[in-house]
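The structure under discussion appears below in the form of structure tokens.
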Amino acid sequence: MAKVILPEGSVVEASGRSLLAFLEERGLTAAAALVDGQLRDLRDPLPESGEVRTVALADPAALEVLRHTASHILAQAVRRLYPGVKLAIGPAIADGFYYDFRFPEPLGREALAAIEAEMAKIVEADLPIERVWLSRAEAEALYRDLDECYKLELLADIPDERISFYRQGEFIDLCRGPHLPSTGLVRHVRLLDLAGAYWRGDASRDMLTRIYGTAFADAKALEEHLRWREEARQRDHRALGPDLDLFSIQNETIGAGLVLWHPKGARIRHVIETFWKDEHYKAGYQLVYTPHIGRARLWRESGHLDFYREGMYAPMDIEGQEFYLKPMNCPFHIAIYKTRTRSYRDLPIRYAEMGTVYRFERSGVLHGLLRVRGFTQDDAHIICRPDQIEDEVEGCLDLTMHILGAFGFHDYKVALSVRDPAHKERYIGGDAMWEAAENSLVRALERKGLPYTRMEGEAVFYGPKIDMHILDSLHRSWQLTTIQFDFNLPERFDMTYIGDDGQAHRPYMVHRALLGSLERFFGILIEHYGGAFPAWLAPVQAVVLPVTEGEIPYAEGVAEELRQAGIRAEAWTRERKTLRWLIREAQLQKIPYMLVCGAREAAQGVVALRLRTGEDLGPQPVAAVMERIRNATAARGTEL
RNA sequence: GCCGGCGUAGCUCAGCAGGCAGAGCAGCGGUUUCGUAAACCGCAGGCCGGAGGUUCGAUUCCUCCCGCCGGCUCCA
């Protein structure tokens with residue numbers, strides 16, 4: 001007899017019947033059964049022994065099942081409305097689900113409403129969803145009759161002889177399940193988007209139409225998700241950038257994927273770079289500058305022309321010599337290292353550079369600041385002895401958390417990428433190097449108490465690495481930091497140091513970027529803060545607003561006083577507008593501090609302080625306001 | 001590259017059964033001297049993304065091109 005745990009927590013002993021039968025007797029509903037840690041259909045007969053737990057519809061574990069069922073309902077609805085349609089695949093994904101179709105006619109977004117309405121009918125009908133097992137021959141016959149070429153292809157990849165299908169009403173679909181017991185449970189579903197997608201992601205195969213949707217157990221969760229989407233849309237850096245006059249990308253005149261940093265964006269970048277440089281000097285790095293182009297010989301020696309050519313732009317001819325625009329900074333840093341014989345006493349050497357690189361990206365993948373063709377890496381190369389690698393990796397993690405923490409990122413997801421143990425021959429460098437490097441990464445992560453996911457076979461051919469993802473204010477994950485060993489370049493460039501034995505040795509080299517690229521990081525920052533930058537980053541920290549023309553000289557004096565104190569301040573006196581207009585404008589520009597000067601304030605030598613939050617703090621001495629802004633700036637927090 | 005959507009004033013958008021191209025904001029000129037999210041009046045602003053076709057006539061219909069946006073395995 002199996003131990004059955006019902007939704008309200010009561011336990012019964014049973015076998016043979018389905019969990020669904022028990023629930024129906026009690027007038028209960030649920031999404032699925034959890035048997036030995038695996039989700040199963042409620043309609044399955046209970047096992048002879050073990051534990052069966054009821055998974056409620058509201059259980060997070062049920063979400064995937066719910067969405068998978070929603071994708072079947074979508075397919076059923078599409079089938080009804082578009083008889084000639086061919087079905088491909090329809091899985092649940094992180095935020096919802098999709099289904100890929102080939103439509104006989106192009107489908108527009110406006111069709112989604114009608115499909116949603118048809119889905120509602122299927123939900124209303126509360127069709128039972130039942131699993132059906134077919135033999136291979138039956139399955140193939142079924143799909144040949146229906147002329148479902150994609151499904152036939154999927155069938156061919158399934159090794160089993162008994163093939164699992166799910167049936168709801170007139171609709172049947174190849175599927176491993178599990179599914180909800182009936183369509184009536186999918187109450188809160190919404191179709192969101194329409195997009196093209198290749199069959200099996202392969203650009204040489206058919207282009208299908210993908211319909212995206214999402215589903216939740218209750219209306220509130222669906223509403224929240226839709227609000228979240230809307231919030232993300234409003235924070236889109238591609239809209240905020242031009243609105244706040246931070247940057248522009250001018251495809252027609254400048255070129256795709258090439259960023260113009262406007263004065264306000266440049267002001268923020270300057271703050272970021274200054275902070276970054278100061279912290280790097282403190283952490284024992286040496287800053288360097290290197291050129292944007294280098295001779296073909298350099299890139300041949302580094303191997304870039306062999307392994308990275310598709311990411312590089314065509315060479316330019318300079319006095320008969322080929323030069324390439326740099327896609328990476330490493331060869332230059334190595335060239336600096338090699339200008340003299342290095343002693344073991346010189347190590348570690350840490351070269352850091354805000355190095356601007358150019359990489360070819362296909363036009364379709366370019367995306368605002370997040371994917372560009374020219375960008376500035378916050379790059380560094382650490383060259384060290386074998387006995388130093390662990391401390392060096394740990395030092396990278398410390399610096400990463402210190403710097404990212406200042407920008408309000410405190411949640412990290414870490415991926416450790418190591419060799420594929422089955423194919424060690426695909427990687428450069430010996431076992432001993434790989435193990436030492438991997439151990440140093442693991443130990444450094446453990447010493448920092450950072451949980452990580454180990455990814456076998458995800459390492460690049462030249463060394464193991466750590467990638468760190470941060471979560472932004474909307475809980476979206478972004479990969480920023482990468483810390484990777486490179487066993488390849490020291491070899492290719494024959495880098496050495498003289499050890500205490502008087503012999504030449506090969507150093508370890510670690511390549512790392514903390515913010516990744518300044519462009520990408522800026523885009524993420526804009527979305528993280530929704531354009532409302534904290535005081536230390538705000539391009540304009542304070543505006544001084546005169547109430548009438550009479551206070552213009554006073555306002556200008558106050559702004560000048562602030563600027564002399566190192567505060568980024570402007571007096572808005574260029575044209576005569578009402579205070580209401582000025583406040584609204586400052587609010588839209590998301591300026592943290594508004595200093596209102598009317599006749600009363602001017603007479604007393606004070607300002608009325610209003611914060612971006614809408615808080616009116618009333619009259620304050622100018623010195624007190626400056627102190628407040630200076631404190632908020634120094635704290636690098638979001639508090640104004 | 002491919003699929004779908006979209007290209008109209010600096011920006012946001014309306015218009016189009018085929019008949020001289022419209023609004024708000026921004027800009028410029030003036031009036032208003034104003035107290036915490038938009039004072040008022042006026043002026044100017046356009047190869048309706050580009051090329052070709054159909055037509056007496058095209059921003060509108062058709063074809064091609066260019067650009068932008070969403071997406072292109074999280075596998076039945």
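Just so it is clear, the structure is predicted and the values come from calculations on it, not from any experiment. Just so we're on the same page: letters track the sequence lines, and every chain starts at 1.
Counting only residues at least two apart or on different chains, the side chain to side chain donor-acceptor pair (under 3.5 Å) pairs with a member in residues 174-183 of chain A are Thr69(A)-His179(A), His72(A)-His179(A), Asp126(A)-Ser182(A). Sorted by first and then second residue, the pairs that involve residues 64-87 of chain A and meet salt bridge (charged side-chain N to carboxylate O under 4.0 Å, His left out), not counting sequence neighbours, are Arg79(A)-Glu148(A), Arg80(A)-Glu118(A), Arg80(A)-Glu170(A), Lys86(A)-Asp147(A). For residues 584-597 of chain A, the pairs satisfying side chain to side chain donor-acceptor pair (under 3.5 Å) are Gln587(A)-Arg610(A), with sequence neighbours left out. Residue pairs meeting the side chain to side chain donor-acceptor pair (under 3.5 Å) criterion with at least one partner in residues 617-627 of chain A, sequence neighbours excluded, are Glu627(A)-Arg630(A).
Using a 4.0 Å cut-off between a side-chain N of Lys or Arg and a carboxylate O of Asp or Glu, Arg238(A) and Asp236(A) qualify as a salt bridge. With respect to the salt-bridge test (charged N to carboxylate O, under 4.0 angstrom), the residues Arg454(A) and Glu456(A) qualify. Comment: Glu231(A) engages Arg235(A) in a salt bridge, judged by a side-chain N to carboxylate O separation of less than 4.0 angstrom.
Leu366(A) places its CG atom 11 Å from the P atom of G1(B), with the value rounded to the nearest Å. In this structure, Leu112(A) atom CG and G70(B) atom C1' are separated by 12 Å, rounded to whole Å. When rounded to the nearest whole Å, the span between NZ of Lys151(A) and P of C75(B) equals 15 Å. When rounded to the nearest whole Å, the span between NE2 of His469(A) and P of C74(B) equals 14 Å. Between the P atom of C74(B) and the NE2 atom of His68(A) lies a distance of 15 Å, rounded to the nearest Å. His262(A) has its NE2 atom 16 Å from the P atom of G10(B), to the nearest Å. Straight-line distance from the CZ atom of Arg210(A) to the P atom of C3(B): 16 Å, rounded to whole Å. Asp245(A) places its CG atom 16 Å from the C1' atom of C25(B), with the value rounded to the nearest Å.
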Distances for protein N or O near nucleotides 30-34 of chain B N or O, under 3.5 Å:
unit_1 : atom_1 : unit_2    : atom_2 : d
U33(B) : O2     : Glu549(A) : N      : 3.1
U33(B) : O4     : Glu549(A) : OE1    : 3.3
U33(B) : O4     : Glu549(A) : OE2    : 2.9

Give me, pair by pair, the N or O atoms of the protein and of nucleotides 4-8 of chain B that are less than 3.5 Å apart, along with how far apart they are.
none

Check nucleotides 64-68 of chain B against the protein and report each pair of N or O atoms closer than 3.5 Å, with its distance, or say if there are none.
unit_1 : atom_1 : unit_2    : atom_2 : d
G67(B) : O2'    : Glu252(A) : OE2    : 3.3
C68(B) : OP1    : Asn251(A) : OD1    : 2.4
C68(B) : OP1    : Asn251(A) : ND2    : 2.1

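Remark: the separation of the P atoms in G53(B) and A58(B) is 11 Å, to the nearest Å. Atom name P, nucleotides U55(B) and G70(B): the rounded distance is 41 Å, in whole Å. A distance of about 9 Å separates the C1' atoms of A44(B) and G27(B), rounded to the whole Å. Comparing the C1' positions of G10(B) and A26(B) gives a spacing of 7 Å, expressed to the nearest Å. Using P as the reference atom, A37(B) and C43(B) are 32 Å apart when rounded to the nearest Å. Separation of the P atoms belonging to G57(B) and C20(B) is 15 Å when rounded to the nearest angstrom. Look at the P atom in both G5(B) and G45(B): the space between them is 36 Å, to the nearest Å. Taking the C1' atom of each, G29(B) and U12(B) are spaced 25 Å apart, rounded to whole Å.
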**Study point:** Bracket string, RNA chain B, 5' to 3' - pairs by Watson-Crick or G-U geometry under 3.5 Å, | interstrand
**Key:** (((((((..((((.....[..)))).(((((.......))))).....(((((..]....))))))))))))....
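There is no side-chain donor-acceptor pair under 3.5 Å between Tyr150(A) and Asp100(A).
Looking at residues two or more places apart in sequence or on another chain, you find a side-chain contact (heavy atoms from CB on, under 4.5 Å) between Glu458(A) and Ser417(A), Met455(A). For Asp472(A), the side-chain contact (heavy atoms from CB on, under 4.5 Å) criterion is met by Phe409(A), Leu474(A), Arg476(A), Trp478(A), His528(A), not counting sequence neighbours. The side-chain contact (heavy atoms from CB on, under 4.5 Å) check on Leu579(A) picks up Leu545(A), Val547(A), Ile583(A), Val596(A), with sequence neighbours excluded.
Interatomic distance, CZ of Arg102(A) versus CE of Met207(A), reported as 13.0 Å (0.5 Å rounding). A distance of 4.0 Å separates CZ in Arg210(A) from OH in Tyr98(A), rounded to the nearest 0.5 Å.
Remark: Val596(A), Gly598(A), Ala599(A), Arg600(A), Glu601(A), Ala608(A), Arg610(A), Asp616(A) in residues 595-619 of chain A come within less than 4.0 Å of RNA chain B through at least one heavy atom.
In this structure a side-chain-to-backbone donor-acceptor pair under 3.5 Å is present from Arg612(A) to Phe533(A). Arg520(A) contributes a side-chain N or O that, together with a main-chain N or O of Gln479(A), makes up a donor-acceptor pair within less than 3.5 Å. Not one N or O on the side chain of Gln541(A) forms a donor-acceptor pair closer than 3.5 Å with the backbone of Ala538(A). A donor-acceptor pair under 3.5 Å links the side-chain atoms of Asp59(A) to the main chain of Ala61(A), judged by distance alone.
Candidate nucleotides A37(B), G70(B), C74(B) were compared by shortest atom distance to the side chain of Ile583(A), and A37(B) ranks first. Between C74(B), U36(B), C69(B), one nucleotide has an atom nearer to the side chain of Arg580(A) than all others, and that is U36(B).
Among the heavy atoms of the strands lying under 4.0 Å from Ile89(A) are primed sugar atoms or P, OP1, OP2 only; no base atom is included. In this structure, Leu545(A) reaches neither bases nor backbone, as no heavy-atom distance under 4.0 Å exists between it and the strands shown.
For Tyr212(A) and C72(B), the shortest distance from a side-chain N or O to OP1 or OP2 is below 4.0 Å. A sub-4.0 Å separation between OP1 or OP2 of C69(B) and a side-chain N or O of His367(A) is absent. Between Arg574(A) and G27(B) there is a side-chain N or O to OP1 or OP2 distance below 4.0 Å.
Close placement of the Tyr143(A) and Phe165(A) rings is indicated, their centers lying within 6.0 Å of each other.
RNA chain B is contacted by both Arg584(A) and Tyr99(A); Arg584(A) maps to the nucleotide lying nearer its 5′ end (nearest heavy atom per residue).
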